[in-house]
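To start, the structure under review is shown below, and the notes come after it.
Each residue takes its place number in the sequence, starting with 1.
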Amino acid sequence: MISQDKPGFLPDLPQWFIWICAILIVTFQLGGYPVLNNNEGLYAEIPREMLASGNWQGWVIPHLNGLAYMEKPPLLYWLTAICMALFGESETVIRLVPAVSALACVGLLQWFGRQLQREAAAKLAALMFISGLGVMLMSRSLMFDMLLTACLLGAAMNAWLFHERQELRYGCRSLVFLALAILAKGFVATILFTAIGGGYLALKTRSVSGMFSALGMWLRWQPWALFLLVVLPWHIAAMFAEPIFAWFYFINEHILRFMGKREPHDYYAGAWWYYLPRMAIFLFPWALILPVLLRIKRIMPTVPALHAFLTAGWIMPLLFFSVSSAKANYYLVTVMPLLTLQIACWLEETGGMKRYGGIVLGGICALLASFLFFAAGKQGGSEQLALGMTATNLMQLFACVFLMIAGAVVWMAYKRPSWAMLPLFIVPVVTIPVLVDGANSKSAEISTRDLVDYSKVHFADRELMLYRVFEQQSSLPFYLKRPVRVVDSRSSDLYWGNKLHKNTIVIDDQKFVQVLKNEKPALIVLDEDQADFDQKPYAAGMKRIARLGKANVFSN
């Protein structure tokens with residue numbers, strides 16, 4: 001049961017309700033859409049090749065499409081490979097690690113709330129975190145950032161408890177979590193951890209001497225011994241296995257990436273404010289309550305040390321990502337846990353949503369519904385996007401959803417104000433089936449699963465090969481269960497693997513001409529590369545035998 005409204009308290013959501021919601025969000029049709037091209041295809045193929053390698057070197061130096069791939073540390077690959085070994089190589093299995101990592105964040109938020117005796121706020125934060133649009137998507141995609149978020153969150157929370165309670169066990173836990181975070185995504189975890197800690201100490205002590213005094217407790221040897229025990233073995237083994245590893249991993253992938261000088265330059269840049277609008281999207285629909293928080297007068301009302309930590313916990317990573325030359329939307333997932341916890345604590349310490357807040361939130365939802373109805377009237381096209389609906393139908397659906405939410409929010413504002421934000425949870429409930437079905441209906445454009453299935457029926461005797469691209473068709477090796485030869489490669493992810501060692505994976509035009517003399521390959525050419533392909537001397541001797549999505553298949 002949810003408790004009655006009390007001054008200064010939020011609705012006490014049952015723990016079973018939080019866990020049921022969280023599990024449903026991350027597991028509903030988790031394998032209901034194919035392995036996506038680009039990042040997910042890359043990170044699904046690497047653990048598959050680890051299992052296929054049959055030797056320890058394959059687990060130390062990851063390989064992508066048969067070539068060494070040292071851009072990222074191996075924890076995500078190891079865990080995914082273990083899942084594959086236990087449960088098979090399905091779409092569901094490859095997404096288990098990010099799904100479990102998201103659930104781990106839910107558990108950590110609630111554990112931290114119990115430590116603080118702020119369970120109601122922690123449970124609300126956990127619900128907002130797991131059902132925010134950005135986290136919802138990242139928990140269902142095989143990428144590094146959700147695993148990094150779980151490890152970094154554990155490190156930061158235990159570090160704060162170490163400072164506040166001065167109990168060694170928290171310091172040991174913190175640095176073990178930090179070591180795992182480094183193995184999850186590299187030394188960016190150390191920078192984020194240091195930034196959070198430094199920001200917290202600056203807000204709390206407000207003096208250089210106070211900061212150095214507080215840092216003295218980290219001179220104990222036990223936490224660092226555990227940290228080195230976890231973090232060193234793989235780094236040492238990788239340096240022995242691949243001589244160039246130290247320069248490539250520490251300099252090229254960390255320092256030069258931050259400076260925007262990494263080779264090759266395969267990442268996005270953006271203005272300093274790049275992440276600000278994306279924060280609202282990641283937090284949606286809970287970002288709709290932010291205007292209500294603007295009326296809160298006491299920003300750090302009851303526990304200044306806690307709010308100093310929570311503020312540093314999301315602002316410092318946000319500042320780091322904003323300053324960095326390399327930018328990506330998915331980096332924002334790391335700031336979401338402590339941001340949602342601070343929002344929940346602000347609400348709790350100021351008496352919850354209150355009546356005026358519910359009315360404001362209801363008005364915002366009604367305005368959003370009106371905008372969607374207006375946009376639907378302007379939207380044309382008859383293409384079905386998801387659940388048999390066009391873009392117009394989907395806008396109308398969500399307009400109705402927000403209109404219903406607006407009514408429920410206003411009604412609760414008069415009956416039980418602290419419940420007023422809870423109807424927002426309807427948004428992710430409706431959104432997940434739409435996204436899953438939409439991804440599945442576009443499978444020919446976002447994955448190679450359909451292409452592989454088609455090839456097995458119509459030209460099973462021909463070897464599938466790629467022209468120039470790899471990332472845009474990166475799920476191909478996973479579905480073929482073997483590396484794929486690439487003709488005239490322009491791939492950034494295969495750049496160093498091809499450069500470091502001789503191989504038969506990346507072939508030039510001259511070698512491809514020899515292949516055509518002896519074999520009958522099926523060459524995949526994307527629409528964007530069609531004009532360039534047409535200029536090749538061997539193009540005249542090949543004809544198109546299939547087309548799926550944006551991919552054309554040519555053979556001799």
Carefully, step by step, assess K442 and Y33 under the rule side chain to side chain contact (heavy atoms under 4.5 Å, CB included). CA-CA 9 Å; K442 296 288 184 180; Y33 46 98; over 6 Å; no

Within-4.5 Å side-chain heavy-atom neighbours: V230 and F177: no

Hey, are the side chains of P34 and N440 touching, using non-hydrogen atoms and a 4.5 Å cut-off?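 They are in contact (side-chain heavy atoms under 4.5 Å apart), so the answer is yes.
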
Geometric class of the F144/Y43 ring pair [parallel <30°, tilted 30-60°, perpendicular >60°]: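 Answer is perpendicular, since the angle exceeds 60°.
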
Give the ring-plane orientation class for F512 versus Y538, where under 30° counts as parallel, over 60° as perpendicular and anything between as tilted.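 F512 and Y538: perpendicular rings.
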
Please report the interatomic distance [atom1]([X]) to [atom2]([Y]), rounded to the nearest 0.5 Å.
{"X": "Y479", "Y": "L464", "atom1": "OH", "atom2": "CG", "answer": "14.5 Å"}
{"X": "Q472", "Y": "I524", "atom1": "CD", "atom2": "CD1", "answer": "12.0 Å"}
{"X": "L148", "Y": "S101", "atom1": "CG", "atom2": "OG", "answer": "9.5 Å"}

Between the main-chain N or O of I25 and the side-chain N or O of R140, is there a donor-acceptor pair closer than 3.5 Å?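 Answer holds: yes.
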
Taking M143's backbone N and O only, do any of them form a donor-acceptor pair with S141's side chain (distance below 3.5 Å, no angle check)? no

R95 bridged to E40 by N-O distance under 4.0 Å: yes

Does the pair R468/D488 count as a salt bridge with the N-to-O cut at 4.0 Å? yes

Establish, from distance only, whether the side-chain atoms of W273 and S322 form a donor-acceptor pair under 3.5 Å.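 There is no such pair (donor and acceptor under 3.5 Å, judged by atom type) between the side chains of W273 and S322.
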
If we check side-chain contact (heavy atoms from CB on, under 4.5 Å) with F470, which of these qualifies: L42, L476, N37? L42

Cation over ring face, K481 and F478, 6.0 Å, 45°: yes

Answer yes or no for R278 and Y274: cation-pi contact, defined as NZ/CZ to six-membered ring centre under 6.0 Å and angle to ring axis within 45°. yes

Checking side chain to side chain contact (heavy atoms under 4.5 Å, CB included) for the pair Q396/N393: CA distance, chi angles, key distance, verdict? CA-CA 5 Å; Q396 292 169 338; N393 300 144; 3.7 Å; yes

Counting only heavy atoms not in Q510 (residues, nucleotides, ligands), do more than 12 fall under 6.0 Å from its CD?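 Atom CD in Q510 is not crowded, with 12 or fewer foreign heavy atoms closer than 6.0 Å.
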
